[in-house]
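Quantities reported herein were computed from a predicted structural model and do not represent experimental measurements. Both ligands and their constituent atoms are indexed starting at 1 by order of listing.
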Amino acid sequence: MEKKFSPQSLSRLFFMLYLLFCLFFTVDAQLPDKKIADKYGLIILPPNEKLEPAPEWLQKADMFTNGGGVWRDYRFVLKDTLMTRIVRIRSGNGPMEMTGHYPVETIGSFDGSLIKGVSLVSHIPHSKKAYEAAHKQGFKVIPYLHFTDIHSFYADQDVFLFQHPEILLKDETGKWVHISMDGSDRAFRFLTCANSPSYWKLSLAYVKKMMDWGADGVFIDNVGLRKPCFATKFKASNPEFPPYTHEHLFPDTTQNYAWDRLLQNISALVKSYGEDKIVLLNSGIGTPFQKNGDCCMWESFIYSWAWEGRRNTWADVKKRAQDNAWYLSTGRRITALSTINRSRKEAKDDAFWAFSAARLVDFIWWASLNGTGAEALYQAHMGKGLEPFKETNGLAFRVYEKGLIVLNDSEEDQNIELTLPADFQPKRLLDLYNGSQIIQVKNKKIKVVVFKKTARVYLLPQSL
Ligand SMILES: [Zn+2]
């Protein structure tokens, strides 16, 4: 039986859910406290719930990477800087000169030949030189940022906690809160308040700095629901800091609402550098904040650092794509990050499987391929899908302008003849898995052999 992707009804259902979500936020739209906004020099944009399409280049992207190994002689150094800070001394608390640490990231050089063809490099060093080096070799690059917590022992995104205690979130008992991650409370990382005008100002300034340096956008991690902040209720002064006041920009709202608006303001700032700039959110998919990104991320897609081998079945992938059709159909994108374990003998098959599963449903695949044997995938540019994928007897395939992808989810090896659409132009295709094997297209048909539980990518040779 032939099945087609994205049934209209499901897509409509999710669009309705999305509208309900918008309505919730619109009805609940808050005005910022003007006096406080003015005090911090903030211009707060009105809520923006429109889902504009992502830039054209992003819509056409096939793969992202964070490109380990491409930054030669990369160094992250906490540079010692003499500063004045209030310190507990025997007779009380007093200002002292002491050493603070500013991170400085440097690179010797950038070697783009290792990731030739990739559509975007994320997590790049926060260094103007890094942006310039990558651009010179034709790569789009974005840095990793985070706005949910702050490291306490160095200037995290230019913010020293001891200079800005007013940005820290407090729980209902008046305590600062460590960020909880992987089952532990991180000792040197504290949650920030998404409703703090000071934190807005500092965060927007850092995004501006990255964009001024030439970034093609930003990657924002930890874009999840926020804990409530009670810090405005606690007035006791803390002698470890100069006097400060914790204020809220939106006088009567939740952290989630303030976070939503902060993300929108960050996005507007990024877009002010050009419509081709992007915001990529590690929000997960099917979550309330993904709407604020041109692209959102499904972390641990099929393969993860957290487990061995394959999880998430092909059926799971299809289901999640259908659930997010409301988002994809507006021209926004989902990126699916897989950690391919190069020490596994199946590493190359793993890579082809995850790439194919992602691209069949219009996700952008994200991986680091060096040493997996599947490096050619960086250059696999499929072009526009000519039709949705089709599936027969557990074999899914989809035809694109420049080739096709075949994924065999069945328990049988399949030797099959596929019929291509009338507007498919290529006469010869390269089997990217085998590298040199050319397959002829005859009368709009192609014969392929795809082993059970594997996937193959066939491409117009010249497109590489
Ligand atoms: Zn707060």
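In this structure, CE in Met382 is found 11.5 Å from CG in Asp362, a value given to the nearest 0.5 Å.
Relative to the ring axis of Trp365, Arg359 does not place its NZ or CZ within 45° and under 6.0 Å from the centre.
Using a 4.0 Å cut-off between charged side-chain N and carboxylate O, Glu49 and Lys291 make a salt bridge. Asp212 and Lys208 are joined by a salt bridge, as a carboxylate oxygen and a charged side-chain nitrogen come within less than 4.0 angstrom of each other. Under the 4.0 Å criterion applied to side-chain N and carboxylate O atoms, Glu391 and Lys318 are assigned as salt-bridge partners.
Around the Zn ion (ligand 1), the protein N, O or S atoms closer than 2.8 Å are Cys193 SG, Cys229 SG, His246 NE2, His248 NE2, listed by chain and residue number.
Side chain of Asp156 to main chain of Val159: no donor-acceptor pair is present (N/O by atom type, distance under 3.5 Å, no hydrogens or angles).
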